[in-house]
Asks: 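My questions will all concern the structure given below.
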Amino acid sequence: MKMSKLFVQTLREFPSDAEVVSHKMLGRAGFIKKLAPGVYTYMPLMWRVLKKVENIVREEMDRAGAQELLMPFVQPKELWEESGRWEVYGKELMRLKDRHDRDMCLGPTHEEIITAVTRDVLKSYKQLPVNLYQIQSKFRDEIRPRYGLLRGREFIMKDAYSFDIDEAGLDKEYQNMAQAYKKIFERCGLATKMVQSDSGAIGGSVSHEFMVITDTDAGENDVFYCNECDYSANSNHAISKLPPATVDGKEYFKEKKILDTPHTHSIEELSEFLKIPSTLILKSLIYIIDKKPVIALIRADKTVEETKLMNAAGGIDIRIATAGEIEELMQEKGFTAEAGFIGPNGMNGIKIIADETVYDMKNFVVGINQTDKHLVGANLEDVLTDEVIKADIRLVEAGELCPECGKPLFVTKGIEVGNIFKLGTKYSKPMNAVYTDINGQTHPYIMGCYGIGISRTAAAAVEAHHDEHGIKWPLAIAPYHAVIVPVNILDEQQMKVAEKIYSELLSAGVEVVLDDRDERAGVKFKDADLIGFPFRITAGKTLSEGLVECKVRATDEALKLTPDEAVKKIIDAVKEL
RNA sequence: CGGGAUGUAGCGCAGCUUGGUAGCGUACCUCGCUUGGGACGAGGGGGUCGCAGGUUCAAAUCCUGUCAUCCCGACCA
């Protein structure tokens, strides 16, 4: 490819709306062009990168025994009603009507479709196991798309679905996929951590995420991990052992009584007013889960993890209650308390979920739904009834102890580039997708699903590999392997050498760009760095010694080589892929 | 959905307070000069100032509405 013909425009400045490195770099270097929030055109350079990521994914999936197919992007409502997700999925599901007023949606994921496809084909245990995958655009109408390709609304995803006759088969395939994923990300030049996670709206029991660890905002997930053993988990799923704490208030409270605690709206104010550690306060929070109020109880120095709470309540949507909703609920139950004085007592008919931390507490402080008052010296029997659900709904904090080995946990940010789920019969059962076993009995398939964000993986690679001058693409997914820069295109010798190297590389199958633009060297070097070609060969002043410069973008290493040596170096590097 | 901000040339921005012929940088075109880290000079093309109303002799500028985009928040009572 001649640079003069390459469809790309690099910018002198970063796009003003970009926040994170990958968005800034990909925008400035002309890889992507925004059409609408979270919707981008992949320009030729980007598309080359994406195709490379896709092909690595394809090769490893095929090698792992999966088969590629392609399912529709526009999907009918009926299938989503079968699985029950038409109601459940919420606004993230982009819905539309066709000309006959039929409800359709844009595919955010394909469990329904693949289940509908396989149930007509996979009838016998003899046909199982099967793993099917596709690579295509998905659409999820995110509340707030941002960070460029890291959280787009339209994005490219590889989604795979496995079908087995039993849990053992699923376990095996799950491991198989985990291995394939490890290989895929390694080949893409990305170091990933496989962490335990919540299975979210997709559903199912066990799941893991593949995280690219980053210390920037681009990592939207908190990952807790142990340095002593291999425990690691997304914050929405992490568990921990707690260090010892003061949880018995007998030194502070001789007896159970109601105390005036004026203006103690926050835990901080309350613990200061009573001169007690916050570990002696039982915090009561009101959430709205699937449109119904739920009370969450937790030791006040700890934070509720909403996903855990939602799961404990068996819900699929959660948010904290508004002041207005709290007031409404209080009125309904005959109280007048403001937020800050809420407690579980008298909340009949409301689902109450208590964190495990609550069960260790003695002689503690709790709200009793009266403004400016708290009950002190209280015990479990004063606040908990049989109805209360005990669950771990606590957000882990760094410094708490590893659930497996007891050593301190650390936290870091991660970009989720892949995930694997054990679905079990979550879709096969409601959608009546069954096979017949050796005894003639029918059973729902045991399913798994496995996703990789293709476009997000490419963006994550930029997050992981760049410097202040631009992108440092890993060779395996770079849009081109190399660029050749004749410093002055009017210099016949330089052009002759450059063109010779160009044609030799081309015929060896190297993807190479010849920067034949009538620009000064600085412009070409800046663009080469920005775009991130792994190798740059410069034909310039060193030609007087019969040498060219070969610069390695990843390391900034610059070698003076003969043209033949430079060609060989690049061909060898590409061969190793 | 709540809060804040911004919409002016492909990109980045000024002008708006105090209404009076739309500017700068970059990018693009032409010529000259230059050629190892985003040179320089001269000339040139490109904008219904987000959209719709209103006020006014006159609106990018003031008023009303609307649409869009970005950021923060959606949380620990």
Side-chain angles (χ1 to χ4, degrees), chain A residues 8-20 23-24 27-30 33-39 91 143-148 217 261 263-271 278 281-288 295-307 309-310 317-327 329-330 337-343 355 357 366-367 369 371 374 393-395 397 469-470 485-491 494-495 515 517-530 536-544 548-549 551 556 558 560:
Chain A
V8 64
Q9 182 188 34
T10 57
L11 303 175
R12 293 292 282 260
E13 288 159 285
F14 290 116
S16 63
D17 59 354
E19 291 271 301
V20 299
H23 190 190
K24 286 181 177 177
R28 182 171 165 194
K33 192 164 168 58
K34 187 171 76 171
L35 182 65
V39 178
K91 289 189 173 170
I143 297 180
R144 195 176 150 203
R146 56 177 155 182
Y147 299 153
D217 281 348
T261 55
H263 313 302
T264 53
H265 287 267
S266 70
I267 295 298
E268 199 176 61
E269 287 164 338
L270 182 59
S271 73
S278 57
I281 301 170
L282 179 67
K283 184 162 68 173
S284 310
L285 302 166
I286 298 179
Y287 282 87
I288 306 295
I295 298 179
L297 305 178
I298 190 167
R299 207 174 81 190
D301 62 314
K302 295 299 169 191
T303 300
V304 168
E305 210 303 308
E306 293 189 356
T307 305
L309 174 61
M310 182 174 78
D317 177 61
I318 185 170
R319 62 182 174 80
I320 193 94
T322 64
E325 285 166 335
I326 292 174
E327 199 183 328
L329 180 66
M330 285 293 128
E338 299 165 11
F341 304 95
I342 293 165
D355 183 64
T357 52
V366 63
N369 301 315
T371 296
H374 280 89
I393 55 170
R394 178 171 59 86
L395 177 67
E397 291 163 30
H469 301 296
V485 179
V487 168
N488 180 354
I489 63 164
L490 301 178
D491 183 312
Q494 288 181 15
M495 275 312 280
D515 195 343
R517 295 176 300 170
D518 185 12
E519 293 285 353
R520 294 164 64 89
V523 174
K524 300 187 194 184
F525 292 160
K526 289 286 183 190
D527 276 344
D529 288 348
L530 186 59
R536 186 187 84 201
I537 293 179
T538 306
K541 61 190 179 190
T542 54
L543 280 183
S544 58
V548 295
E549 181 197 75
K551 193 166 181 194
D556 275 343
K560 284 184 185 176

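To find a chain, count down the sequence lines: A is the first, B the second, and so on, and within it residues start at 1. Bear in mind that the values here come from a model prediction, so they are computed numbers and not experimental data.
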Asks: What interatomic distance, in whole Å, is found between P of B:G20 and the corresponding atom of B:A58?
Replies: 14 Å
Asks: Applying a 3.5 Å limit to both distances, which nucleotide forms a Watson-Crick or G-U wobble pair with B:G25?
Replies: B:C11
Asks: Is there a side-chain contact between A:Lys541 and A:Val487 in this structure, where contact means two heavy atoms from C-beta onward sitting under 4.5 Å apart?
Replies: no
Asks: Consider the side chain of A:Phe525, meaning its heavy atoms from C-beta on, and name the nucleotide among B:G36, B:U35, B:G38 that approaches it most closely.
Replies: B:G36
Asks: A:Arg517 CZ to B:C29 P: how many Å, rounded?
Replies: 12 Å
Asks: Students often get this wrong, so: under 4.0 angstrom with heavy atoms, is A:Leu395 touching a base, only sugar-phosphate, or nothing?
Replies: nothing
Asks: In whole angstrom, what separates A:Asn488's CG from B:G37's C1'?
Replies: 15 Å
Asks: Determine the Euclidean distance between corresponding C1' atoms of B:G15 and B:U21; express it in Å to zero decimal places.
Replies: 15 Å
Asks: Have a look at A:Leu285 and say if it touches a base, only the backbone sugar-phosphate, or nothing, with a 4.0 Å heavy-atom cut-off.
Replies: base
Asks: Please state the C1' separation for the pair B:C63 and B:U55 - nearest whole angstrom.
Replies: 7 Å
Asks: When the distance from CG of A:Leu490 to P of B:G36 is rounded to whole Å, what number comes out?
Replies: 12 Å
Asks: Return whichever of A:Thr10 or A:Phe341 has its heavy-atom-nearest nucleotide of RNA chain B closer to the 5' end.
Replies: A:Thr10
Asks: What is the minimum heavy-atom distance between A:Ala300 and A:Ser278, and which atoms define it?
Replies: CB-O, 3.5 Å
Asks: Please find the pair of heavy atoms, one from A:Lys560 and one from A:Thr542, that lie closest to each other, and give the distance.
Replies: CE-CG2, 3.8 Å
Asks: Ignoring hydrogens and geometry beyond distance, is the side chain of A:Asp529 in donor-acceptor contact with the base of B:G37 at under 3.5 Å?
Replies: yes
Asks: Distance check, C1' atoms only: B:G12 and B:G38, in whole angstrom units.
Replies: 15 Å
Asks: Could you tell me how far B:G53 sits from B:A59 if I compare only their P atoms? Round to whole Å.
Replies: 13 Å
Asks: Check every strand shown and say whether A:Ile298 touches a base, only sugar-phosphate, or nothing at a heavy-atom separation below 4.0 Å.
Replies: nothing
Asks: In Watson-Crick or G-U wobble terms, both distances under 3.5 Å, what is the partner of B:A68?
Replies: B:U6
Asks: Measure from NZ on A:Lys541 to C1' on B:G37 and round the result to the nearest Å.
Replies: 10 Å
Asks: Taking atom P of B:G36 as reference, at what distance in whole Å does atom CG of A:Asp491 sit?
Replies: 10 Å
Asks: So A:Ile489, base contact, sugar-phosphate only, or nothing? Heavy-atom distance under 4.0 Å.
Replies: nothing
Asks: Take nucleotides 1-13 of chain B nucleotide by nucleotide from the 5' end and write B, S or -, depending on whether a protein heavy atom sits under 4.0 Å from the base, only from the sugar-phosphate, or from neither.
Replies: ----------SSS
Asks: Round to the nearest Å and state the distance from A:Lys526 atom NZ to B:G36 atom P.
Replies: 15 Å
Asks: Under 4.0 Å, heavy atoms only, any strand: does A:Asp527 hit a base, just the sugar-phosphate, or nothing?
Replies: base
Asks: With nearest nucleotide decided by heavy atoms, which residue, A:Thr303 or A:Gly540, maps closer to the 5′ end of RNA chain B?
Replies: A:Gly540
Asks: Can you tell me whether the side chain of A:Arg536 and the base of B:G37 have a donor-acceptor pair closer than 3.5 Å?
Replies: yes
Asks: With heavy atoms under 4.0 Å as the rule, sort A:Arg28 into base, sugar-phosphate or nothing.
Replies: base
Asks: Go through B:U69, B:C76, B:U35 for me and flag the one nearest to the A:Val304 side chain.
Replies: B:C76
Asks: Would you mind reading off the distance between A:Arg146 atom CZ and B:A74 atom C1', rounded to a whole angstrom?
Replies: 11 Å
Asks: Only pairs with both distances under 3.5 Å count, Watson-Crick or wobble alike; so what is the partner of B:G41 in this structure?
Replies: B:C31
Asks: Taking the minimum atom-to-atom distance to the side chain of A:Arg520, which one of B:G36, B:G38, B:A39 wins?
Replies: B:A39
Asks: Checking A:Glu306 now: which residues fulfil salt bridge (charged side-chain N to carboxylate O under 4.0 Å, His left out) with it, not counting sequence neighbours?
Replies: none
Asks: Which nucleotide, in any strand shown, forms a Watson-Crick or G-U wobble pair with B:G73, with both distances under 3.5 Å?
Replies: B:C1
Asks: Nearest whole Å is fine: how far is B:G37 P from A:Leu530 CG?
Replies: 18 Å
Asks: May I ask you to verify whether the side chain of A:Glu519 and the base of B:G38 hold a donor-acceptor pair under 3.5 Å?
Replies: no
Asks: Is the CD atom of A:Glu268 crowded by more than 12 outside heavy atoms at less than 6.0 Å?
Replies: no
Asks: Measure across A:Ala296 and A:Val304 and return the closest heavy-atom pair with its distance rounded to 0.1 Å.
Replies: CB-CG2, 4.4 Å
Asks: Determine the Euclidean distance between corresponding P atoms of B:U30 and B:C67; express it in Å to zero decimal places.
Replies: 45 Å
Asks: Could you give the distance separating B:A27 and B:C40 at their P atoms, to the nearest angstrom?
Replies: 9 Å
Asks: Are side-chain heavy atoms of A:Ile281 and A:Ser271 found at a separation under 4.5 Å?
Replies: yes
Asks: Taking all non-hydrogen atoms of both residues, which atom of A:His23 and which atom of A:Gly148 are closest, and how far apart?
Replies: ND1-N, 3.4 Å
Asks: What closest approach, in Å, do A:Ile318 and A:Met310 show between heavy atoms, and which atom pair accounts for it?
Replies: CG2-SD, 3.7 Å
Asks: Can you figure out which of B:C76, B:A27, B:C70 approaches the side chain of A:Lys34 most closely?
Replies: B:C70
Asks: Within less than 4.0 Å of OP1 or OP2 of B:A27, is there a side-chain N or O belonging to A:Arg12?
Replies: yes
Asks: Could you identify the nucleotide paired to B:G20, looking across every strand shown and requiring Watson-Crick or G-U wobble geometry with both distances under 3.5 Å?
Replies: B:C57
Asks: Check this for me: A:Glu327, atom CD, are more than 12 non-hydrogen atoms of other residues, nucleotides or ligands nearer than 6.0 Å?
Replies: no
Asks: Which whole number of Å gives the distance between the C1' atom of B:A74 and that of B:C16?
Replies: 34 Å
